[in-house]
Amino acid sequence: MRGWDDLYPLPVPPSWVPGAAVGILSLHFIQKLLFPYFWADLRYLLKVLTYGARMEMYRLQGRVVTVLDKFVKLAEKQPHKPFLIYEGTVHTYRDVDRRSNRIAQVFLQHEALKKGDTVALLMGNEPDFINVWFGLAKLGCVVAFLNFNVRFRSLLHCVSSCEPKILVVGADLLGTLEEILPKLQKDVSVWIMAKDSTFPNVHTLLDKIEAASEDPVPVNRCSANSLKSAVLYIFTSGTTGATCVLKKKFSASQFWNDCRKYNVTVIQYIGELCRYLCNQPVKEGEKNHKVRLAVGNGVRNDVWREFLDRFGAVKICEFYGATEGNICFMNHTGKIGSVGRTNFFYKLFFPFDLIKYDFQKDEPIRNKHGWCEKVKKGEAGLLISKVNAKNPFFGYAGNKRHTEKKLLCEVFKKGDLYFNTGDLMVQDHDNFLYFWDRIGDTFRWKGENVATTEVSDVIAMLDFIQEANVYGVSVPDHEGKAGMASLILKQNASLDLEQMYKQVVTYLPSYACPLFLRVQEKMEMTGTFKQQKFQLVDEGFNPSTITDPLYFLDNSKKAYVLLTKELYEMILSGKMKL
């Protein structure tokens, strides 16, 4: 009797198949062992290159696609889809398109605006912020987004630097307008989002919008000529796309309820936002939401971990970048604490380096030949990015000096040019990048950039101040750095704390008001005659180790008070809110 094998002979694979299988498995093992992020890096790089190729195609075709172009196309394709959801009201793509047409028609009839003219926008979070922006963009205007937290001299500086023909102000910011109106350039036409005005020579917009036509303005008005054409001036940070749920102010207690109510899938954060959410009392069902992705920057490692533990498997995409910069990173792998990852191919398209920095002289270190030196992996270095035709640096509007300050020449060889980010970063042995600190004249607090020279100038206006050195100090369990000012008093003058408090709250946004004051007898200088900050930053605000008088901005008392050891402990423990 024949066996089953004789009746149905089993197929025998070619002799090379087992060897090939072993080879593939070996390659897979080696890849996992030596190159664990290969596929994740490849997918991310392909996305970046695809976007870059699309931009290059547009350039070769002479096309420039702006945010407005994208919006108008989507408004035609999906007119009834929600674009903005604000305080329970849905604003569809068609709603926004038509209202922005009305606004464009108003300015077309009442103002002699030319294509390329600048209009400054001082408005908070509200749908008409988008409507006014799009309406002006349809006229081919460059729109300058002003930070509504900025006050008085700083605000006037922002307005003058972008040289607007028109300033549009939100109804809730009329108090801010009143402060700057007497000193505003006479050739700036002012419009407010209201139906009537008590200010002389100030135009109202809401009444005119209601009477305006919804007809679109000629398309040739809004077309950009090239990728170098100015479209926006940004004095604040943050962007949106897709359907956006918008609120006037952030509410930690209502955040997840709003996410559930509106089926939110993607959120944008700053580090402080994540910390505020983690500081809320634990509630049942905190993971009951549809948020799958969080994009932002500035979240601490401990907050990152707690956020994931409490609120579920939300992919956190921490990124690094600046609006004016020519380099950015995105943490596409989800590595806790990192702002992104680099590799050979990324550096090929976006060349950057981390160089040694002299903290005492407050400048990059150069060797005996005059060249900068790269740091080793694991060491903090100044992030610089090569400036070339594919990675240009356009600079700052109306400020050639600041533009030139951000460039480093002759870095590694004759004729090279690099953008100085002003940020210290660390690259580990797996090529992950971590933000370490910020150098120079800015620091971040409450998710906002604070310009130290701006704060110093406001304090120096007081008649008893000889000199003010402003810097940021670390506070446990807080993102960013809190403002601190080292003060030198004029001879035979005394510190007037009441005047100091009144000065900073009047002329500075709340996040820029120094929380700590230190009165010194002399100001330490660097070798290049700049104010010495790094030693002061290291010393912090501990009254047990600092013999100089220290003061704290107590918001509950609306005054600067003596910083005692007891008060210091309350700040560290979190009992005293900052």
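The environment of Trp371 atom CH2 is dense: over 12 non-hydrogen atoms of other residues, nucleotides or ligands sit within 6.0 angstrom. Other residues, nucleotides and ligands place no more than 12 heavy atoms under 6.0 Å from the CG atom of Asn201.
For Asp302, the side chain to side chain contact (heavy atoms under 4.5 Å, CB included) partners at least two apart in sequence or on another chain are Arg300, Asp477. Residues satisfying the side chain to side chain contact (heavy atoms under 4.5 Å, CB included) test with Asp457, not counting sequence neighbours, are Arg153. Checked against side chain to side chain donor-acceptor pair (under 3.5 Å), Tyr507 has no partners two or more places apart in sequence or in another chain. Scanning for side chain to side chain donor-acceptor pair (under 3.5 Å) contacts around Gln535 gives Glu539, with sequence neighbours left out. With sequence neighbours excluded, no residue forms a side chain to side chain donor-acceptor pair (under 3.5 Å) with Lys386. Every side chain to side chain contact (heavy atoms under 4.5 Å, CB included) that Glu404 has, sequence neighbours left out, goes to Lys400. Residues passing the side chain to side chain contact (heavy atoms under 4.5 Å, CB included) test with Ser544 are Asn542, Lys565, sequence neighbours excluded. With sequence neighbours excluded, the residues satisfying ring-ring contact (aromatic ring centres under 6.0 Å, His included) with Phe350 are Tyr346.
For the pair Tyr276 and Phe255, the minimum side-chain heavy-atom distance is 4.5 Å or more. Within the 4.5 Å cutoff, the side chain of Leu113 has heavy atoms near those of the Leu136 side chain. Residues Lys248 and Asp172 are in side-chain contact: their nearest non-hydrogen atoms beyond the backbone lie under 4.5 Å apart. Side-chain contact between Asn420 and Lys405 is absent, with no heavy atoms from C-beta onward closer than 4.5 Å. Leu383 is not listed as a side-chain neighbour of Leu433, based on a closest heavy-atom distance of 4.5 Å or more. Using a 4.5 Å heavy-atom threshold, the side chains of Phe107 and Val168 count as touching. Side-chain atoms of His110 and His203, non-hydrogen and from C-beta on, never get closer than 4.5 Å to each other. In this structure, the side chains of Asp423 and Trp436 stay at 4.5 Å or more apart for every pair of heavy atoms.
To the nearest 0.5 Å, the span separating CG on Leu563 from CD1 on Ile571 amounts to 5.5 Å. The line from CG of Asn469 to CG of Leu536 is 6.0 Å long, rounded to the nearest 0.5 Å. Once rounded to the nearest 0.5 Å, the distance linking CD of Gln427 with CG of Leu354 reads 6.0 Å. A distance of 10.5 Å separates CD1 in Ile103 from CG in Leu139, rounded to the nearest 0.5 Å. In this structure, CG in Leu382 is found 8.5 Å from SG in Cys372, a value given to the nearest 0.5 Å.
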Side-chain atoms of residues 480-499: list all donor-acceptor pairs with protein atoms under 3.5 Å, sequence neighbours left out, distances to 0.1 Å.
from	atom 1	to	atom 2	distance (Å)
Lys481	NZ	Asp437	OD1	3.3
Lys481	NZ	Asp437	OD2	3.0
Ser486	OG	Gln520	OE1	2.5
Lys490	NZ	Asp463	O	3.2
Asp496	OD1	Glu498	N	3.2
Asp496	OD1	Gln499	N	3.0

Please output the side-chain donor-acceptor pairs of residues 174-185 that fall under 3.5 Å, not counting sequence neighbours, one pair per line with the distance.
from	atom 1	to	atom 2	distance (Å)
Glu179	OE1	Arg151	NE	3.1
Glu179	OE2	Arg151	NE	3.3
Glu179	OE2	Arg151	NH2	2.5

Which donor-acceptor pairs under 3.5 Å do side chains of residues 116-128 form with protein atoms, sequence neighbours excluded?
from	atom 1	to	atom 2	distance (Å)
Asp117	OD1	Lys165	NZ	3.4
Asp117	OD2	Lys114	N	2.7
Asp117	OD2	Lys165	NZ	3.4
Asn125	ND2	Lys247	O	3.2
Asp128	OD1	Arg99	NE	2.7
Asp128	OD1	Asn131	ND2	2.9
Asp128	OD2	Arg99	NH2	3.2

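In this structure, Phe129 has its ring center at least 6.0 angstrom away from the ring center of Tyr86. A ring-centre distance under 6.0 Å is not found for Phe541 and Phe552. Between Phe534 and Tyr471, the ring center distance fails the sub-6.0 Å criterion.
Nearest heavy atoms, Tyr357 versus Leu424: CB-CD2, 4.2 Å. Minimum interatomic distance between Val426 and Ala380 (heavy atoms only, all atoms of both residues): CG2-CA, 3.6 Å. Nearest approach of Ile459 to Ala468, heavy atoms of both residues: CG2-CB, 3.9 Å. Across all non-hydrogen atoms, the minimal contact from Ser456 to Val470 is OG-CG2, 3.2 Å. The two residues Ala512 and Val455 come nearest to each other via the heavy atoms O-CG2, 3.7 Å. Heavy-atom minimum distance, Cys317 versus Met330: CB-SD, 3.6 Å.
Checking Tyr320 against Asn297 by side-chain atom types alone, no donor-acceptor pair falls below 3.5 Å. A donor-acceptor pair shorter than 3.5 Å can be found between the side chains of Glu111 and Trp191. With 3.5 Å as the limit, one finds a donor-acceptor pair spanning the side chains of Asn326 and Ser385.
No option in Asn391, Ile384, Asp416 other than Asn391 meets the side chain to side chain contact (heavy atoms under 4.5 Å, CB included) test with Pro351.
In this structure, the side chain of Glu479 does not engage the main chain of Arg275 through any donor-acceptor pair within 3.5 Å. A donor-acceptor distance shorter than 3.5 angstrom exists from the side chain of Gln503 to the backbone of Val458, with no hydrogens or angles considered. Within the 3.5 Å criterion, the main-chain N or O of Asp362 finds no donor-acceptor partner in the side chain of Asp358. Between the Thr403 side chain and the Tyr396 main chain, a donor and an acceptor come within less than 3.5 Å of each other. Proximity of a side-chain donor or acceptor of Ser154 to a complementary backbone N or O of Val150 within less than 3.5 Å is not detected. A donor-acceptor distance shorter than 3.5 angstrom exists from the side chain of Glu318 to the backbone of Gly298, with no hydrogens or angles considered. Distance alone, capped at 3.5 Å, is enough to place a donor-acceptor pair between the His478 side chain and the Pro476 backbone.
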Residues Val339, Met425; criterion side-chain contact (heavy atoms from CB on, under 4.5 Å); working and verdict: CA-CA 10 Å; Val339 297; Met425 302 191 82; 3.3 Å; yes
Lys376/Glu379 under salt bridge (Lys or Arg N to Asp or Glu O under 4.0 Å): CA gap, chis, key distance, verdict: CA-CA 6 Å; Lys376 297 176 182 177; Glu379 294 180 352; 5.2 Å; no
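Annotation: side chain to side chain donor-acceptor pair (under 3.5 Å) contacts involving residues 547-563, sequence neighbours excluded, comprise Arg518-Asp548, Asp554-Ser556.
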